[in-house]
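Structure record follows, encoded as structure tokens.
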Amino acid sequence: MRQPLLLSLFLIFLCASSFGGVWITSPANGATINGPVDFVANSNTSCSGGIGSMGIYPAPYQLSYIGSGSNLNHSLQMNTGKYNVVVVAWDRCGGASTAGVTVNVTNNGGGGSGSSFTNLQNSGGWHGAGQGPPNFVDCNPCSKVAWSWQEGVNSPSLSGHAAKYNMWGSGPYWDVLFNNHLIGDGSSQGMLDGDHKIVPNLHDFTYDVYFFGSNLNASQAVEFDLNQFFGGMGFIWGHECRIAGGHEWDIWDNINQHWVPTGVKCYPNNNAWNHLTIHVQRTSDNHLLYQTITLNGQTATLNHYYSPGPAPGWYGVTVNYQMDGDSQQTPYSIYLDQLTYSYQ
């Protein structure tokens, strides 16, 4: 006879004396949440191999997400309803431990329960362009920077299908932008939205990705952008983690076309997988709201508002990943995996 999930996991926990436990820091127990639910948790174990992975069960026998390591940070799209969610951690000695949290999902924002594009790093549809000082206008090819990327990389990888992005060149502070059109004009995902009924009604976006670099100090910055264009307006939620540039998060001011320091430190781990979750919104009066940045389980709440910039003729939802070169244009590579873009 099949045991209920919670009982099964509890019995596993009793047999796994190596475990210290699982601690959920977000969401709060009994919280009511409109939109994606940000799950943040950590675990430990006395197993010499450490924690192998952690997962989220919104309902019995429904594993909706699994990620490697002892820290979990994932934004999950959920339908309206009440959930008794179980977060599970598995160690490399065969043990497991759980923690539970009750959450009420309302999805009253007008976008329904939302949808996601998953494993975008392996989906195709990416385009690259270089940008150089002083004006950082797209070029392809470029005189002082070059780049390449490869999908389906199995090592290092979490999913077995990571993507590797490379940049090199001779010009200081040159950048490489990688862009993918998701919804609307030029959609790589088959969502052209010819009647313009999807894009103008979207207001809530989440960028969730793991990234890995063995030479992160060579990066001036790594950039992660969520973009929406319609009605002549451009909403570019730009997020830049300065590394050689000073270990701080900057966000993009669409009107004044410059980066604004947030005061939030950014210290990704070298030669290890880093988990990043960014959550933004377009407000009902068409302003950009930068909400939260979560890196390796540490969440910074921003709540900064900006006006959109002009974007005549542009229509759709796109995603960017960008690599910035340092003063010596030192070559480096970054791997992306489990890239999920959620929208509602």
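Rounded to the nearest 0.5 angstrom, Ser43 OG and Met54 CE are separated by 4.0 Å. With rounding to the nearest 0.5 angstrom, the OG atom of Ser68 is 4.0 Å from the CG atom of Leu158. The distance from the SG atom of Cys241 to the CG atom of Leu276 is 8.5 Å, given to the nearest 0.5 Å. Atoms CD1 and OG1, from Ile51 and Thr45 in turn, are 5.0 Å apart once rounded to the nearest 0.5 Å.
Between the side chain of Ser75 and the backbone N or O of Asp38, no donor-acceptor pair lies under 3.5 Å. For Glu151 (side chain) and Gly124 (main-chain N/O), a donor-acceptor pair under 3.5 Å exists by modelled atom type. Side chain of Asp204 to main chain of Gln281: no donor-acceptor pair is present (N/O by atom type, distance under 3.5 Å, no hydrogens or angles). Using a distance-only test at 3.5 Å, with no hydrogens or angles considered, a donor-acceptor pair links the side chain of Asn270 to the main chain of Leu216. Arg282 places a side-chain N or O within 3.5 Å of a backbone atom of Pro200 that can act as its donor or acceptor partner. In this structure a side-chain-to-backbone donor-acceptor pair under 3.5 Å is missing from Ser116 to Thr118. Under the 3.5 Å distance criterion, the side-chain polar atoms of Asp91 are matched with a main-chain donor or acceptor of Cys93.
Residue Trp314 places its CH2 atom among 12 or fewer non-hydrogen atoms of other residues, nucleotides or ligands, all under 6.0 Å distant.
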Are Asn296 and Asn269 close enough, and set up right, to give a side-chain contact (heavy atoms from CB on, under 4.5 Å), and what steps lead you there?
-> CA-CA 9 Å; Asn296 294 331; Asn269 297 316; 3.4 Å; yes
Determine, stepwise, if the pair His181 / Ser188 fulfils side-chain contact (heavy atoms from CB on, under 4.5 Å).
-> CA-CA 6 Å; His181 290 236; Ser188 66; 5.6 Å; no
Test Asp326 against Gln220 for side chain to side chain donor-acceptor pair (under 3.5 Å), laying out the working first.
-> CA-CA 5 Å; Asp326 65 7; Gln220 187 71 13; over 6 Å; no
Which is it for Leu182 and Met191 under the side-chain contact (heavy atoms from CB on, under 4.5 Å) test, yes or no, and what are the steps along the way?
-> CA-CA 7 Å; Leu182 304 179; Met191 294 183 63; over 6 Å; no
Test log, rule side chain to side chain donor-acceptor pair (under 3.5 Å), inputs Thr102 and Asn84 | CA-CA 5 Å; Thr102 299; Asn84 295 311; 2.9 Å; yes
Audit row: Phe117, Ile183, side-chain contact (heavy atoms from CB on, under 4.5 Å) steps and yes/no | CA-CA 10 Å; Phe117 299 109; Ile183 307 173; 3.8 Å; yes
Give the intermediate values and the outcome of side chain to side chain donor-acceptor pair (under 3.5 Å) for residues Asp138 and Gln131.
-> CA-CA 5 Å; Asp138 287 0; Gln131 300 176 343; 2.7 Å; yes
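Closest non-hydrogen pair, Asn166 versus Lys164, comes out as OD1-CE, 3.1 Å. Across every non-hydrogen atom of Arg242 and Pro261, the tightest pair is NH2-CB, 4.1 Å. In terms of heavy atoms, Tyr210 sits closest to Gly67 at OH-CA, 4.0 Å. Nearest heavy atoms, Asp337 versus Val209: O-CG2, 3.7 Å. In terms of heavy atoms, Trp149 sits closest to Gly128 at CH2-N, 3.7 Å. What you find for Val101 and Phe39 is that their closest heavy atoms are CG1-CE2, 4.2 Å.
Between Trp174 and Ser143, some side-chain heavy-atom pair lies under the 4.5 Å cut-off. In this structure the side chain of Glu248 never reaches within 4.5 angstrom of the side chain of Glu240, judged on heavy atoms. Looking at Thr318 and Asn180, their side chains never come closer than 4.5 Å, going by heavy atoms from C-beta outward.
Neither side chain, Asp208 nor Thr340, offers a donor N or O lying under 3.5 Å from an acceptor on the other. Looking only at atom types and distance, the side chain of Asn122 has no donor-acceptor partner in the side chain of Asn119 under 3.5 Å away.
When ring centroids are compared, His239 and Tyr290 come within the 6.0 Å threshold. Between Phe178 and Tyr165, the distance from one ring center to the other falls under 6.0 angstrom. Checked against a 6.0 Å centroid threshold, the rings of His196 and Tyr315 count as neighbours. Taking the six-membered ring where the residue is Trp, the centroids of Tyr305 and His287 are separated by 6.0 Å or more. Aromatic rings of Trp252 and Trp237 (six-membered ring for Trp) have centroids beyond the 6.0 Å cut-off, not under it. Here Trp273 and Phe211 keep their ring centres 6.0 angstrom or further from each other.
Hydrophobic clustering, with ILVMFWY side chains joined whenever heavy atoms are under 4.5 angstrom apart, keeps Met323 apart from Tyr173. Cluster annotation: Val260 and Ile243 are assigned to the same hydrophobic cluster (Ile/Leu/Val/Met/Phe/Trp/Tyr, side-chain heavy-atom contacts under 4.5 Å, transitive). A continuous path of Ile, Leu, Val, Met, Phe, Trp and Tyr side chains, each step under 4.5 Å between heavy atoms, connects Val22 with Val37, placing both in one hydrophobic cluster. Criterion: ILVMFWY side-chain heavy atoms under 4.5 Å apart, direct or through other members. Under it, Leu289 and Leu302 are not part of a common hydrophobic cluster.
Ring geometry for Phe224 against Tyr207 counts as perpendicular: the plane angle is over 60°, on a 0 to 90° scale with 30° as the lower cut.
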